[in-house]
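Note that the structure is predicted; figures quoted are calculated from it, not measured. Atom set for the values below is all heavy atoms of this structure, side chains included, hydrogens, waters and symmetry mates excluded. We count residues from 1, following the sequence as given.
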Amino acid sequence: MTRLSPDQVALLERLADGQTIAAAAAAEWMSLRTANRRVAELRVLLGLTSTREVVAAYVRARHR
């Protein structure tokens, strides 16, 4: 999780707080397409298959 960009961290923080991808994207001034692309990049980077898994991994790493 240490190689995440500031955009990715901001998006993950909002998702971890329970926001939808659409709401998180709007709050971070990015398009829904860009937000979905960022989450897809994270799935590939972490070898996970769902957004829920990515957010859970982020929350676990954040609490270490």
Side-chain angles (χ1 to χ4, degrees):
M1 289 292 174
T2 59
R3 293 190 240 166
L4 301 180
S5 72
D7 282 351
Q8 290 170 322
V9 171
L11 191 59
L12 283 170
E13 281 292 327
R14 291 185 180 280
L15 294 174
D17 286 340
Q19 292 185 21
T20 64
I21 294 176
E28 292 300 320
W29 297 91
M30 67 176 67
S31 71
L32 179 57
R33 180 180 168 99
T34 298
N36 280 320
R37 194 170 31 235
R38 297 273 191 274
V39 173
E41 291 166 355
L42 288 167
R43 285 195 306 266
V44 171
L45 177 69
L46 300 174
L48 300 172
T49 58
S50 74
T51 301
R52 184 174 292 188
E53 290 174 322
V54 170
V55 173
Y58 174 74
V59 169
R60 281 192 304 273
R62 182 175 67 176
H63 290 289
R64 287 185 186 167

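- In this structure, Leu12 and Leu42 have side chains that are in contact, with non-hydrogen atoms separated by less than 4.5 Å.
- The two atoms that bring Ala24 and Leu15 nearest to each other are CB-CD2, 4.3 Å, heavy atoms only.
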Fill in: Full working for side-chain contact (heavy atoms from CB on, under 4.5 Å) between Gln8 and Leu11
CA-CA 5 Å; Gln8 290 170 322; Leu11 191 59; 5.7 Å; no

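- Within the 4.5 Å cutoff, the side chain of Leu4 has heavy atoms near those of the Tyr58 side chain.
- Side-chain N/O atoms of Thr51 and Arg43 include a donor and acceptor closer than 3.5 Å.
- Val55 and Ala16 make their closest contact through CG1-CA, 3.7 Å (heavy atoms, listed as atom of the first residue, atom of the second, distance).
- Here the closest heavy-atom approach between residue Ala35 and residue Ala25 is recorded as CB-CB, 3.6 Å.
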